[in-house]
Amino acid sequence: MFQMTLQKKTLLIIALTLGVPILVLYFTSQAIVLGRFSSIENDEAVQNIQRVQSALDDDLTALESTTRDWSMWDDTFQFIADRNQDYIESNLTGSLAMDNNRLDVMLFYDAQGNEVFAKASDYQGGSQTPQPTSLLSRIGPDSPLLQHTSAASSIKGLISLPEGAMLLASEPIMHSSGEGEIGGTLIFGRFLNTDAIEHLAKTTLIGLSLTPLSSLSASEDPEGPVPQLSVEAPMQLIARSDDKLDGYYLLTDVLGNPALVLEAEMPRVVYNKGVQNLYSYLLILLTVGILLGVVMTLLMKRLVLSRLALLRHEMGKISLSSDISHRVNMPGKDEFSDLSISINDMLAALHRSREEQWESEQRYKAVVEQTREAIFLVDAVTGHFVEANASFQAMLDYTFDELTKLRLADITVSGGDKTG
(Lines give C-alpha, C1' and ligand atoms only; values in the text may rest on other atoms or scores of the structure.)
Protein backbone atom coordinates (compact mmCIF):
# COMPACT_ATOMS: atom_id res chain seq x y z
CA MET A 1 0.00 0.00 0.00
CA PHE A 2 1.26 3.44 -0.90
CA GLN A 3 2.34 5.43 2.14
CA MET A 4 2.99 9.12 2.17
CA THR A 5 5.68 10.60 4.34
CA LEU A 6 4.89 13.54 6.56
CA GLN A 7 6.93 15.79 4.26
CA LYS A 8 4.88 14.77 1.23
CA LYS A 9 1.65 15.23 3.17
CA THR A 10 2.82 18.67 4.24
CA LEU A 11 3.63 19.68 0.66
CA LEU A 12 0.24 18.39 -0.52
CA ILE A 13 -1.60 20.33 2.19
CA ILE A 14 0.31 23.52 1.36
CA ALA A 15 -0.42 23.06 -2.37
CA LEU A 16 -4.13 22.54 -1.72
CA THR A 17 -4.29 25.37 0.81
CA LEU A 18 -2.81 27.83 -1.67
CA GLY A 19 -3.98 26.32 -4.98
CA VAL A 20 -7.70 26.03 -4.25
CA PRO A 21 -8.11 29.70 -3.15
CA ILE A 22 -6.08 30.85 -6.19
CA LEU A 23 -8.33 28.88 -8.53
CA VAL A 24 -11.46 30.18 -6.80
CA LEU A 25 -10.17 33.75 -7.00
CA TYR A 26 -9.25 33.32 -10.66
CA PHE A 27 -12.58 31.94 -11.82
CA THR A 28 -14.50 34.42 -9.65
CA SER A 29 -12.44 37.29 -11.02
CA GLN A 30 -12.91 35.97 -14.56
CA ALA A 31 -16.68 36.06 -14.15
CA ILE A 32 -16.70 39.47 -12.48
CA VAL A 33 -13.88 41.27 -14.30
CA LEU A 34 -14.55 39.98 -17.81
CA GLY A 35 -18.27 40.43 -17.26
CA ARG A 36 -17.66 44.03 -16.29
CA PHE A 37 -15.33 44.68 -19.22
CA SER A 38 -17.80 42.99 -21.57
CA SER A 39 -20.55 45.25 -20.22
CA ILE A 40 -18.38 48.34 -20.79
CA GLU A 41 -17.56 47.08 -24.28
CA ASN A 42 -21.25 46.59 -25.07
CA ASP A 43 -22.05 50.07 -23.81
CA GLU A 44 -19.31 51.48 -26.03
CA ALA A 45 -20.58 49.47 -29.00
CA VAL A 46 -24.10 50.78 -28.46
CA GLN A 47 -22.72 54.32 -28.35
CA ASN A 48 -20.83 53.71 -31.61
CA ILE A 49 -23.97 52.49 -33.33
CA GLN A 50 -25.90 55.43 -31.92
CA ARG A 51 -23.21 57.71 -33.35
CA VAL A 52 -23.76 56.15 -36.77
CA GLN A 53 -27.51 56.60 -36.36
CA SER A 54 -26.90 60.17 -35.30
CA ALA A 55 -24.67 60.72 -38.37
CA LEU A 56 -27.44 59.35 -40.60
CA ASP A 57 -29.95 61.61 -38.88
CA ASP A 58 -27.64 64.57 -39.46
CA ASP A 59 -27.41 63.70 -43.17
CA LEU A 60 -31.19 63.38 -43.34
CA THR A 61 -31.64 66.70 -41.54
CA ALA A 62 -29.23 68.37 -43.94
CA LEU A 63 -31.07 66.81 -46.91
CA GLU A 64 -34.39 67.93 -45.45
CA SER A 65 -33.09 71.46 -45.06
CA THR A 66 -31.85 71.52 -48.67
CA THR A 67 -35.15 70.19 -49.95
CA ARG A 68 -37.14 72.75 -47.95
CA ASP A 69 -34.98 75.57 -49.29
CA TRP A 70 -36.04 74.58 -52.77
CA SER A 71 -39.67 73.75 -51.97
CA MET A 72 -40.36 76.95 -50.04
CA TRP A 73 -39.46 79.15 -53.00
CA ASP A 74 -41.74 81.24 -55.19
CA ASP A 75 -39.89 80.18 -58.35
CA THR A 76 -40.46 76.48 -57.58
CA PHE A 77 -44.13 77.15 -56.80
CA GLN A 78 -44.51 79.00 -60.11
CA PHE A 79 -42.73 76.20 -62.00
CA ILE A 80 -45.18 73.62 -60.71
CA ALA A 81 -48.05 75.86 -61.69
CA ASP A 82 -46.97 76.72 -65.27
CA ARG A 83 -44.06 74.31 -66.06
CA ASN A 84 -42.03 77.25 -67.36
CA GLN A 85 -38.84 76.39 -69.20
CA ASP A 86 -36.93 79.29 -67.67
CA TYR A 87 -36.90 77.55 -64.27
CA ILE A 88 -35.46 74.40 -65.80
CA GLU A 89 -32.81 76.27 -67.77
CA SER A 90 -31.84 78.40 -64.76
CA ASN A 91 -31.83 75.71 -62.07
CA LEU A 92 -32.05 72.22 -63.45
CA THR A 93 -29.90 72.19 -66.58
CA GLY A 94 -26.63 70.34 -66.14
CA SER A 95 -25.52 68.78 -62.90
CA LEU A 96 -24.28 71.81 -60.99
CA ALA A 97 -27.27 72.05 -58.65
CA MET A 98 -27.22 68.34 -57.89
CA ASP A 99 -23.46 68.25 -57.42
CA ASN A 100 -23.48 71.21 -55.07
CA ASN A 101 -26.23 69.69 -52.97
CA ARG A 102 -24.91 66.09 -53.24
CA LEU A 103 -28.10 64.81 -54.82
CA ASP A 104 -28.77 61.75 -56.92
CA VAL A 105 -32.50 62.35 -57.51
CA MET A 106 -34.76 65.43 -57.90
CA LEU A 107 -38.50 64.80 -58.28
CA PHE A 108 -41.18 67.47 -58.73
CA TYR A 109 -44.90 66.64 -58.35
CA ASP A 110 -47.99 68.83 -58.59
CA ALA A 111 -50.79 68.91 -56.06
CA GLN A 112 -52.61 66.02 -57.78
CA GLY A 113 -49.55 63.74 -57.51
CA ASN A 114 -48.57 63.99 -61.15
CA GLU A 115 -44.91 63.99 -62.03
CA VAL A 116 -43.82 67.38 -63.35
CA PHE A 117 -40.05 66.90 -63.56
CA ALA A 118 -37.61 64.14 -62.65
CA LYS A 119 -33.87 64.06 -62.86
CA ALA A 120 -31.18 61.63 -61.79
CA SER A 121 -27.47 62.29 -61.63
CA ASP A 122 -24.33 60.73 -60.22
CA TYR A 123 -23.20 63.72 -58.23
CA GLN A 124 -19.90 62.07 -57.36
CA GLY A 125 -19.10 61.25 -60.98
CA GLY A 126 -20.67 64.46 -62.31
CA SER A 127 -22.75 62.71 -65.00
CA GLN A 128 -26.47 62.31 -65.59
CA THR A 129 -27.86 58.83 -65.02
CA PRO A 130 -31.13 57.14 -65.94
CA GLN A 131 -34.02 57.84 -63.65
CA PRO A 132 -34.42 55.23 -60.88
CA THR A 133 -37.57 53.49 -62.14
CA SER A 134 -37.75 51.44 -58.94
CA LEU A 135 -38.22 54.66 -56.94
CA LEU A 136 -40.67 56.21 -59.43
CA SER A 137 -42.79 53.06 -59.39
CA ARG A 138 -43.28 53.45 -55.64
CA ILE A 139 -44.48 57.04 -55.90
CA GLY A 140 -48.01 57.42 -57.19
CA PRO A 141 -50.79 59.92 -56.57
CA ASP A 142 -51.73 58.07 -53.37
CA SER A 143 -48.19 57.64 -52.10
CA PRO A 144 -47.67 58.77 -48.48
CA LEU A 145 -44.63 60.69 -49.72
CA LEU A 146 -46.99 63.12 -51.51
CA GLN A 147 -49.45 63.63 -48.66
CA HIS A 148 -48.64 67.05 -47.23
CA THR A 149 -51.38 68.99 -45.46
CA SER A 150 -49.51 72.02 -44.07
CA ALA A 151 -46.34 74.02 -44.36
CA ALA A 152 -44.93 72.20 -41.32
CA SER A 153 -45.37 68.81 -42.99
CA SER A 154 -42.08 67.02 -43.69
CA ILE A 155 -41.18 63.44 -44.53
CA LYS A 156 -37.65 62.08 -44.39
CA GLY A 157 -35.99 58.73 -44.02
CA LEU A 158 -34.38 55.79 -45.76
CA ILE A 159 -35.71 53.73 -48.60
CA SER A 160 -34.35 50.41 -49.82
CA LEU A 161 -34.10 50.11 -53.59
CA PRO A 162 -32.56 47.48 -55.88
CA GLU A 163 -29.93 50.08 -56.74
CA GLY A 164 -29.10 50.53 -53.06
CA ALA A 165 -30.21 52.38 -49.95
CA MET A 166 -31.23 55.99 -50.41
CA LEU A 167 -31.74 58.95 -48.10
CA LEU A 168 -35.02 60.65 -49.02
CA ALA A 169 -36.65 63.94 -48.07
CA SER A 170 -40.15 65.02 -49.15
CA GLU A 171 -41.33 68.63 -48.63
CA PRO A 172 -44.48 70.57 -49.62
CA ILE A 173 -44.00 73.13 -52.42
CA MET A 174 -45.25 76.53 -51.23
CA HIS A 175 -44.61 80.24 -51.54
CA SER A 176 -41.47 81.56 -49.90
CA SER A 177 -43.59 83.04 -47.14
CA GLY A 178 -44.88 79.58 -46.24
CA GLU A 179 -48.44 80.75 -46.57
CA GLY A 180 -51.19 79.85 -48.94
CA GLU A 181 -52.04 76.62 -50.63
CA ILE A 182 -49.69 73.69 -51.24
CA GLY A 183 -48.66 73.63 -54.89
CA GLY A 184 -47.12 70.15 -54.92
CA THR A 185 -44.29 68.05 -53.52
CA LEU A 186 -40.54 68.17 -53.95
CA ILE A 187 -38.48 65.02 -53.29
CA PHE A 188 -34.69 64.98 -53.10
CA GLY A 189 -32.71 61.74 -52.75
CA ARG A 190 -29.14 60.69 -52.12
CA PHE A 191 -27.83 57.13 -52.42
CA LEU A 192 -26.00 55.67 -49.48
CA ASN A 193 -23.38 54.15 -51.74
CA THR A 194 -19.98 52.77 -50.79
CA ASP A 195 -18.40 56.21 -50.62
CA ALA A 196 -21.16 57.48 -48.35
CA ILE A 197 -20.77 54.46 -46.07
CA GLU A 198 -17.01 54.94 -45.98
CA HIS A 199 -17.60 58.59 -45.09
CA LEU A 200 -19.76 57.48 -42.16
CA ALA A 201 -17.15 54.90 -41.18
CA LYS A 202 -14.43 57.54 -41.09
CA THR A 203 -16.71 59.82 -39.10
CA THR A 204 -17.47 57.14 -36.50
CA LEU A 205 -14.13 55.25 -36.76
CA ILE A 206 -15.76 51.82 -37.14
CA GLY A 207 -16.36 49.44 -40.04
CA LEU A 208 -19.84 49.86 -41.52
CA SER A 209 -22.05 48.22 -44.10
CA LEU A 210 -25.74 48.32 -45.04
CA THR A 211 -27.63 45.14 -45.89
CA PRO A 212 -31.27 44.72 -46.87
CA LEU A 213 -33.19 42.98 -44.11
CA SER A 214 -34.44 40.31 -46.50
CA SER A 215 -30.90 39.45 -47.60
CA LEU A 216 -29.62 39.23 -44.04
CA SER A 217 -32.48 37.01 -42.87
CA ALA A 218 -32.05 34.62 -45.78
CA SER A 219 -28.28 34.27 -45.41
CA GLU A 220 -26.30 31.95 -43.18
CA ASP A 221 -23.33 33.64 -41.61
CA PRO A 222 -20.37 31.23 -41.53
CA GLU A 223 -18.93 33.15 -38.59
CA GLY A 224 -21.86 32.49 -36.29
CA PRO A 225 -25.54 33.13 -35.63
CA VAL A 226 -27.63 35.45 -37.78
CA PRO A 227 -28.99 38.35 -35.73
CA GLN A 228 -32.67 38.35 -34.88
CA LEU A 229 -33.92 41.92 -35.12
CA SER A 230 -37.33 43.52 -34.79
CA VAL A 231 -38.84 46.97 -34.39
CA GLU A 232 -39.20 46.29 -30.66
CA ALA A 233 -35.59 45.09 -30.36
CA PRO A 234 -33.74 46.83 -33.20
CA MET A 235 -30.20 46.28 -31.89
CA GLN A 236 -28.13 43.17 -31.25
CA LEU A 237 -24.46 42.64 -30.43
CA ILE A 238 -22.67 39.39 -31.32
CA ALA A 239 -19.11 38.58 -30.27
CA ARG A 240 -17.71 36.78 -33.31
CA SER A 241 -14.34 36.12 -31.68
CA ASP A 242 -12.05 37.44 -28.97
CA ASP A 243 -10.98 40.18 -31.39
CA LYS A 244 -14.18 41.16 -33.18
CA LEU A 245 -17.59 42.37 -32.04
CA ASP A 246 -20.38 42.86 -34.57
CA GLY A 247 -23.26 45.22 -33.94
CA TYR A 248 -26.52 45.12 -35.88
CA TYR A 249 -29.13 47.86 -35.97
CA LEU A 250 -32.45 47.64 -37.77
CA LEU A 251 -33.28 50.71 -39.82
CA THR A 252 -36.85 51.46 -40.83
CA ASP A 253 -37.66 53.07 -44.15
CA VAL A 254 -39.32 56.41 -44.73
CA LEU A 255 -42.70 54.80 -44.14
CA GLY A 256 -41.68 53.16 -40.87
CA ASN A 257 -41.26 49.60 -42.22
CA PRO A 258 -38.17 47.47 -41.38
CA ALA A 259 -35.92 47.73 -44.41
CA LEU A 260 -32.16 47.80 -43.78
CA VAL A 261 -29.66 46.45 -41.30
CA LEU A 262 -26.71 48.57 -40.34
CA GLU A 263 -23.72 46.33 -39.59
CA ALA A 264 -20.89 47.73 -37.51
CA GLU A 265 -17.67 45.78 -37.06
CA MET A 266 -15.70 46.83 -33.99
CA PRO A 267 -12.43 45.58 -32.47
CA ARG A 268 -12.72 44.23 -28.94
CA VAL A 269 -10.14 46.56 -27.44
CA VAL A 270 -11.84 46.90 -24.05
CA TYR A 271 -12.47 43.17 -23.69
CA ASN A 272 -8.87 42.31 -24.60
CA LYS A 273 -7.66 44.84 -22.03
CA GLY A 274 -9.77 42.98 -19.48
CA VAL A 275 -8.26 39.65 -20.55
CA GLN A 276 -4.74 41.07 -20.27
CA ASN A 277 -5.50 42.48 -16.82
CA LEU A 278 -6.94 39.12 -15.75
CA TYR A 279 -3.84 37.27 -16.96
CA SER A 280 -1.62 39.75 -15.12
CA TYR A 281 -3.73 39.26 -12.00
CA LEU A 282 -3.43 35.47 -12.34
CA LEU A 283 0.34 35.73 -12.82
CA ILE A 284 0.60 37.82 -9.64
CA LEU A 285 -1.54 35.29 -7.75
CA LEU A 286 0.60 32.40 -8.96
CA THR A 287 3.83 34.22 -8.09
CA VAL A 288 2.60 35.09 -4.60
CA GLY A 289 1.26 31.55 -4.15
CA ILE A 290 4.56 29.95 -5.17
CA LEU A 291 6.55 32.28 -2.91
CA LEU A 292 4.22 31.55 0.02
CA GLY A 293 4.47 27.84 -0.71
CA VAL A 294 8.27 27.93 -0.74
CA VAL A 295 8.41 29.98 2.47
CA MET A 296 5.90 27.72 4.24
CA THR A 297 7.74 24.60 3.08
CA LEU A 298 11.10 25.93 4.29
CA LEU A 299 9.62 26.98 7.63
CA MET A 300 7.86 23.64 8.03
CA LYS A 301 11.06 21.78 7.21
CA ARG A 302 13.15 23.89 9.55
CA LEU A 303 10.74 24.11 12.49
CA VAL A 304 8.97 20.74 12.30
CA LEU A 305 10.38 18.18 9.90
CA SER A 306 14.06 18.65 10.80
CA ARG A 307 13.22 18.50 14.52
CA LEU A 308 11.15 15.39 13.93
CA ALA A 309 14.01 13.79 12.00
CA LEU A 310 16.42 14.59 14.88
CA LEU A 311 14.05 13.03 17.40
CA ARG A 312 13.73 9.94 15.22
CA HIS A 313 17.54 9.72 14.95
CA GLU A 314 17.98 9.93 18.75
CA MET A 315 15.36 7.24 19.33
CA GLY A 316 17.02 5.07 16.68
CA LYS A 317 20.36 5.23 18.50
CA ILE A 318 18.75 4.09 21.74
CA SER A 319 16.94 1.29 19.92
CA LEU A 320 20.14 0.02 18.26
CA SER A 321 22.15 0.12 21.49
CA SER A 322 19.35 -1.45 23.57
CA ASP A 323 20.69 0.70 26.40
CA ILE A 324 17.84 2.51 28.09
CA SER A 325 20.30 4.45 30.23
CA HIS A 326 20.95 6.68 27.21
CA ARG A 327 18.88 9.86 26.88
CA VAL A 328 17.36 11.80 23.96
CA ASN A 329 19.24 15.04 23.24
CA MET A 330 16.75 17.58 21.85
CA PRO A 331 17.79 21.22 22.43
CA GLY A 332 15.31 24.06 22.20
CA LYS A 333 12.07 25.15 23.79
CA ASP A 334 9.17 23.78 21.79
CA GLU A 335 6.80 20.81 21.68
CA PHE A 336 9.58 18.51 20.45
CA SER A 337 11.74 19.50 23.44
CA ASP A 338 8.81 18.79 25.76
CA LEU A 339 8.32 15.44 24.03
CA SER A 340 12.02 14.57 24.44
CA ILE A 341 11.75 15.35 28.18
CA SER A 342 8.74 13.02 28.44
CA ILE A 343 10.63 10.29 26.56
CA ASN A 344 13.66 10.70 28.84
CA ASP A 345 11.41 10.50 31.90
CA MET A 346 9.91 7.29 30.50
CA LEU A 347 13.36 5.84 29.82
CA ALA A 348 14.49 6.76 33.34
CA ALA A 349 11.42 5.05 34.81
CA LEU A 350 12.08 1.94 32.74
CA HIS A 351 15.72 1.95 33.79
CA ARG A 352 14.79 2.18 37.48
CA SER A 353 12.23 -0.57 37.08
CA ARG A 354 14.75 -2.83 35.39
CA GLU A 355 17.36 -2.21 38.12
CA GLU A 356 14.82 -2.93 40.85
CA GLN A 357 13.84 -6.15 39.08
CA TRP A 358 17.48 -7.17 38.76
CA GLU A 359 18.12 -6.49 42.46
CA SER A 360 15.04 -8.48 43.36
CA GLU A 361 16.21 -11.39 41.25
CA GLN A 362 19.65 -11.27 42.85
CA ARG A 363 18.15 -11.31 46.36
CA TYR A 364 15.94 -14.21 45.39
CA LYS A 365 18.85 -16.21 43.97
CA ALA A 366 20.96 -15.49 47.05
CA VAL A 367 18.24 -16.80 49.37
CA VAL A 368 17.54 -19.90 47.28
CA GLU A 369 21.18 -20.82 46.73
CA GLN A 370 22.30 -20.36 50.33
CA THR A 371 19.51 -22.31 52.06
CA ARG A 372 20.16 -25.95 53.08
CA GLU A 373 16.66 -26.99 52.13
CA ALA A 374 16.19 -28.66 48.75
CA ILE A 375 14.24 -26.31 46.50
CA PHE A 376 13.23 -27.04 42.93
CA LEU A 377 10.70 -25.79 40.36
CA VAL A 378 8.88 -28.12 37.94
CA ASP A 379 6.90 -27.22 34.77
CA ALA A 380 3.30 -28.16 35.56
CA VAL A 381 2.59 -29.24 32.01
CA THR A 382 5.69 -31.22 30.99
CA GLY A 383 6.95 -32.20 34.42
CA HIS A 384 10.51 -31.12 33.59
CA PHE A 385 12.70 -29.39 36.15
CA VAL A 386 12.99 -25.68 35.59
CA GLU A 387 14.92 -24.57 38.70
CA ALA A 388 16.90 -26.45 41.34
CA ASN A 389 19.18 -25.10 44.08
CA ALA A 390 22.52 -26.54 45.09
CA SER A 391 21.06 -28.46 48.03
CA PHE A 392 18.64 -30.28 45.73
CA GLN A 393 21.40 -31.03 43.23
CA ALA A 394 23.66 -32.40 45.98
CA MET A 395 20.87 -34.48 47.46
CA LEU A 396 20.20 -36.21 44.14
CA ASP A 397 23.80 -36.06 42.95
CA TYR A 398 22.77 -34.47 39.68
CA THR A 399 24.05 -31.38 37.98
CA PHE A 400 21.57 -28.73 36.97
CA ASP A 401 22.01 -29.58 33.27
CA GLU A 402 21.25 -33.21 34.01
CA LEU A 403 18.16 -32.26 35.98
CA THR A 404 16.75 -30.18 33.13
CA LYS A 405 16.71 -33.36 31.02
CA LEU A 406 14.64 -35.21 33.60
CA ARG A 407 11.08 -35.04 34.77
CA LEU A 408 9.76 -35.27 38.32
CA ALA A 409 8.38 -38.72 37.53
CA ASP A 410 11.84 -39.97 36.60
CA ILE A 411 13.33 -39.39 40.01
CA THR A 412 10.32 -40.65 41.94
CA VAL A 413 10.21 -43.91 39.99
CA SER A 414 13.93 -44.56 39.97
CA GLY A 415 14.33 -43.73 43.60
CA GLY A 416 16.41 -40.69 42.87
CA ASP A 417 19.83 -42.28 42.41
CA LYS A 418 21.91 -42.61 39.28
CA THR A 419 22.40 -46.38 39.56
CA GLY A 420 18.71 -47.06 39.61
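In what follows, every heavy atom counts, from backbone to side chain, and hydrogens, waters and symmetry copies are set aside.
- Only one option out of L298, L291, L292 pairs with V294 in a side chain to side chain contact (heavy atoms under 4.5 Å, CB included); it is L298.
- Once rounded to the nearest 0.5 Å, the distance linking OG of S342 with CE of M346 reads 9.0 Å.
- Legend: residues meeting side chain to side chain contact (heavy atoms under 4.5 Å, CB included) with T382, ordered by chain and number and at least two apart, are D379, H384.
- By the ring pair (Phe, Tyr, Trp, His ring centres under 6.0 Å) test, Y87 pairs with W73, F79, sequence neighbours left out.
- The distance from atom OG of S153 to atom CD of Q147, rounded to the nearest 0.5 Å, is 9.0 Å.
- Judged as a ring pair (Phe, Tyr, Trp, His ring centres under 6.0 Å), and not counting sequence neighbours, the contacts of H175 are F77.
- To the nearest 0.5 Å, atom CD1 of residue I173 and atom OG1 of residue T76 are 6.5 Å apart.
- Residues satisfying the side chain to side chain contact (heavy atoms under 4.5 Å, CB included) test with D43, not counting sequence neighbours, are S39.
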>> The test is side-chain contact (heavy atoms from CB on, under 4.5 Å); show your working for N101 and F188 and say whether it passes.
In response: CA-CA 10 Å; N101 292 289; F188 282 177; 5.8 Å; no
> When you look at L310 and S306, which way does the side-chain contact (heavy atoms from CB on, under 4.5 Å) test go after all the steps?
Replying inline: CA-CA 6 Å; L310 178 59; S306 62; over 6 Å; no
>> Would L237 and I49 count as a side-chain contact (heavy atoms from CB on, under 4.5 Å) here? Give the steps.
In response: CA-CA 10 Å; L237 301 174; I49 294 176; 4.1 Å; yes
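- One distance of note links CD1 of I238 with NZ of K244; it measures 10.5 Å at 0.5 Å rounding.
- Qualifying side-chain hydrogen bond (donor to acceptor under 3.5 Å, both in side chains) partners for Q78, counting only residues two or more places apart in sequence or in other chains: D82.
- For F400, there are no ring pair (Phe, Tyr, Trp, His ring centres under 6.0 Å) partners, not counting sequence neighbours.
- The side-chain heavy atoms of F392 and I375, taken from C-beta on, include no pair separated by under 4.5 Å.
- For K273, there are no salt bridge (charged side-chain N to carboxylate O under 4.0 Å, His left out) partners two or more places apart in sequence or in a different chain.
- Rounding to the nearest 0.5 Å gives a distance of 6.5 Å between CG of L56 and CG of L167.
- Pairs passing the side-chain hydrogen bond (donor to acceptor under 3.5 Å, both in side chains) check and including a residue from residues 163-173, sequence neighbours excluded, read R68-E171, S134-E163, H148-S170, S154-E171.
- Closest approach of I80 to G183, counting heavy atoms only: CG2-O, 3.3 Å.
- Within the 4.5 Å cutoff, the side chain of I187 has heavy atoms near those of the L146 side chain.
- Note on residues 146-161: pairs passing salt bridge (charged side-chain N to carboxylate O under 4.0 Å, His left out), not counting sequence neighbours, are E64-K156.
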>> Run Q236 and L229 through side-chain contact (heavy atoms from CB on, under 4.5 Å) and show every step you take.
In response: CA-CA 7 Å; Q236 185 176 353; L229 305 173; 3.7 Å; yes
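- With values rounded to the nearest 0.5 angstrom, T185 atom OG1 is found 7.5 Å from I155 atom CD1.
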> Which is it for D99 and S95 under the side chain to side chain donor-acceptor pair (under 3.5 Å) test, yes or no, and what are the steps along the way?
Replying inline: CA-CA 6 Å; D99 293 345; S95 60; 3.1 Å; yes
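- Between R138 and L145, every side-chain heavy-atom pair lies at or beyond the 4.5 Å cut-off.
- A heavy-atom distance below 4.5 Å is not found between the side chains of L260 and L192.
- Nearest approach of M235 to V46, heavy atoms of both residues: SD-CG2, 3.6 Å.
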Let me have the donor-acceptor pairs involving side chains of residues 105-114, under 3.5 Å, with sequence neighbours excluded, atom names and distances please.
from	atom 1	to	atom 2	distance (Å)
D110	OD1	Q112	N	3.0
D110	OD1	G113	N	3.0
D110	OD1	N114	N	2.8
D110	OD2	R83	NH2	3.3
D110	OD2	N114	ND2	3.3

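- G157 and V254 make their closest contact through N-CG2, 3.8 Å (heavy atoms, listed as atom of the first residue, atom of the second, distance).
- Taking S65 as the reference, D69 meet the side chain to side chain contact (heavy atoms under 4.5 Å, CB included) condition, with sequence neighbours excluded.
- Under a 3.5 Å cut-off, the side chain of S280 and the backbone N or O of Q276 do form a donor-acceptor pair.
- Nearest heavy-atom pair across L255 and P144 is CD2-CB, 3.7 Å.
- Crowding of R407 atom CZ: a count of heavy atoms from other residues, nucleotides or ligands under 6.0 Å not exceeding 12.
- Taking both residues in full, the closest heavy atoms of P172 and I182 are given as CB-CG2, 4.0 Å, listed atom of the first, atom of the second, then distance.
- With sequence neighbours excluded, no residue forms a side-chain hydrogen bond (donor to acceptor under 3.5 Å, both in side chains) with D338.
- Between L251 and Q53, the closest heavy-atom pair is CD2-OE1, 3.1 Å.
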